[in-house]
Amino acid sequence: SSDQTQSLSKTSFKFFGLGGSNEVGRSCHILQYKGKTVMLDAGIHPAHQGLASLPFYDEFDLSTVDVLLISHFHLDHAASLPYVMQRTNFRGRVFMTHPTKAIYRWLLSDFVKVTSIGSSGSTDKDENLYSDEDLAKSFDRIETIDFHSTTDVNGIKFTAFHAGHVLGAAMFQLEIAGLKTLFTGDYSREIDRHLNSAEVPPSSSDILIVESTFGTATHEPRVNREKKLTQLIHSTVLRGGRVLLPVFALGRAQEIMLILDEFWSKHSEELGNGQVPIFYASNLARKCMGVFQTYVNMMNDDIRKKFRDSQSNPFIFKNISYLKNLDDFQDFGPSVMLASPGMLQNGISRDLLEKWCPDNKNLVLITGYSVEGTMAKYIMLEPDTIPSVNNPEVNIPRRCQIEEISFAAHVDFRENLEFMEKIGARNVILVHGESNPMGRLKSALLSNFASLKGTEDEVHVFNPRNCVVVELEFSGIKVAK
Ligand SMILES: [Zn+2]
């Protein structure tokens with residue numbers, strides 16, 4: 001609004017969410033300070049299609065962006081990047097880590113295929129967000145950065161730190177004219193089977209932009225979740241059922257595979273040698289495993305030690321076979337299927353859901369975070385029927401068991417709070433959470449920091465909606481408005 005514009009002074013810091021504010025999906029945030037403009041992430045919303053899945057790019061002049069940083073390869077953080085680079089007036093520089101760029105390439109070419117409208121004719125071509133050609137052109141212009149090394153673009157300094165979550169995921173600490181901002185992207189602090197968990201940057205930050213996916217919820221300890229996961233799958237296949245694990249092609253799927261491959265090896269008499277096969281079904285299976293096998297050196301000590309000790313790559317699984325599609329899949333007897341996409345919107349996982357959900361012996365096990373408006377979120381309500389994706393008029397009975405065990409690798413409340421206390425920023429901007437969990441997190445944070453209220457160290461917490469400006473004044477003594 002004009003009020004906000006008039007009150008802008010040289011010392012004011014502006015945050016503006018084009019997407020991913022009070023929602024999970026289409027993450028994109030704009031920061032402005034002292035004439036510099038930084039854009040954080042460029043995702044799509046997985047519950048929407050075409051232009052409706054984009055952040056609100058029309059609400060901001062993208063030609064003013066100096067630097068665009070991509071935190072990780074997940075679609076809700078990276079999938080609108082080719083659109084931004086090829087189909088808008090954006091002309092800034094784009095940075096991501098090496099593994100993110102390697103995976104981005106395969107992931108988005110699959111995304112183009114899956115979301116392509118009218119690929120057989122040219123009539124609906126304009127509905128497509130971008131083409132393979134756009135993707136290839138954007139790829140050449142993306143610059144890569146190493147963890148822990150600082151880049152300076154015309155006075156905008158930024159450094160990538162490990163964020164956990166998925167391979168290549170980074171937190172960015174930005175510094176413009178002495179003002180420091182930390183953007184977490186999606187992050188996890190729990191010890192993982194293969195990833196380094198998120199680290200605390202050595203220098204403090206004035207502003208923290210932090211995810212709020214799980215709000216004030218608490219995760220069960222990891223050992224318990226692993227045990228539950230393997231027991232649930234074990235008992236299902238013993239009674240002759242099929243297990244469907246909808247997973248995003250890459251990232252957390254590899255963590256689940258490490259767990260299952262180990263469990264199958266320990267129970268090889270019962271499950272091994274193809275008695276109960278495990279499949280990883282994705283267009284991207286082979287290409288993506290290649291990337292994982294290449295970047296073992298960027299993972300945690302634990303997995304690198306296994307790699308050294310056994311002299312064999314931990315991502316070459318003994319008990320898991322790859323399927324490119326379902327054409328060659330012989331569906332006889334119990335099996336375990338990790339299939340993408342993770343939210344059952346369409347594709348292989350949706351086809352198997354529709355095939356297997358009428359049988360009460362079968363199990364659908366959700367391990368990721370399910371965004372509002374997707375089938376994965378809907379199925380957890382245990383509906384009597386689900387609509388067929390190819391013909392919404394047809395309802396399919398749903399009798400299979402539905403369970404959720406989270407391996408989404410986002411911080412829970414305790415982990416998030418502990419991290420915030422370590423960062424010590426006096427201004428906290430919450431992003432990447434649905435309104436209710438985000439609102440509860442804000443209240444919990446304010447009461448946690450209540451004793452500092454009115455002092456110089458008071459912590460200000462913001463939960464803005466999309467396209468609402470947060471303005472902070474920094475002059476002399478840093479005081480937030
Ligand atoms: Zn993510």
Side-chain angles (χ1 to χ4, degrees), residues 17 19-21 23-29 40-47 53 55 68-81 96-97 99-104 106-108 110-111 160-172 182-190 192-198 209-215 217 219 246-256 282 284 288 291-292 295 298-299 340-345 366-374 376-377 404 406-412 415-416 419 430-434 437-438:
S21 287
E23 65 180 352
V24 175
R26 58 178 156 193
S27 283
C28 183
H29 320 292
L40 301 169
D41 283 345
I44 55 100
H45 197 299
S53 68
L68 166 50
L69 307 176
I70 301 291
S71 63
H72 65 293
F73 60 70
H74 274 154
L75 297 181
D76 56 329
H77 297 263
S80 65
L81 180 58
M96 54 178 71
T97 65
T100 298
K101 189 176 174 186
I103 295 167
Y104 165 88
W106 302 123
L107 214 56
L108 290 206
D110 185 58
F111 178 74
F161 293 93
H162 287 292
H165 190 56
V166 289
L167 179 61
M171 296 187 169
F172 294 109
L182 181 66
F183 172 54
T184 62
D186 291 356
Y187 82 108
S188 57
R189 290 277 284 168
E190 199 178 53
D192 188 283
R193 277 181 178 247
H194 71 296
L195 295 175
N196 290 302
S197 60
I209 301 167
V210 62
E211 66 140 300
S212 47
T213 315
F214 282 106
H219 293 329
V247 290
F248 189 67
L250 259 166
R252 302 313 304 162
Q254 279 66 29
E255 178 82 354
I256 307 273
S282 162
L284 302 167
C288 290
V291 177
F292 267 72
Y295 285 103
M298 289 215 176
M299 297 179 195
S340 63
M343 298 187 209
L344 299 163
Q345 305 98 305
I366 307 282
T367 55
Y369 179 80
S370 304
V371 170
E372 283 304 333
T374 60
K377 186 83 184 176
E404 184 190 16
S406 175
F407 284 87
H410 292 278
V411 283
D412 72 359
E415 292 161 340
N416 211 354
F419 183 78
L430 303 179
V431 296
H432 198 284
E434 304 290 351
M438 187 187 278

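Both ligands and their constituent atoms are indexed starting at 1 by order of listing. Numbers here are sequence positions counted from 1.
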**Q.** Parallel, tilted or perpendicular: ring planes of His77 versus His72, cut at 30 and 60 degrees
**A.** tilted
Q) Under 30°, 30 to 60°, or over 60°: which ring-plane class applies to Phe73 and Phe248, parallel, tilted or perpendicular? A)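 Geometry flag for Phe248 against Phe73: parallel rings.
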Q) N/O/S atom of His77 under 2.8 Å from the Zn ion (ligand 1), yes or no? A)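 Short answer: no, not a single N, O or S atom is under the cut-off.
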Q. Got an N, O or S from His165 under 2.8 Å of the Zn ion (ligand 1)?
A.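 It does; at least one qualifying atom falls short of 2.8 Å.
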Q) Ring centroid separation for His410 and His219, is it under 6.0 angstrom? A)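 Ring-ring flag for His410/His219: false, centres at least 6.0 Å apart.
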Q. For His162 and Met298, which heavy atoms make the closest approach, and how far apart are they?
A.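 Shortest heavy-atom contact: CE1-O, 4.3 Å.
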(Q) Please report, to 10°, the angle around the Zn ion (ligand 1) from atom NE2 (His72) across to atom ND1 (His74). (A) 90°
Q. How is the N/O/S atom of Asp186 that comes nearest to the Zn ion (ligand 1) named?
A. OD2
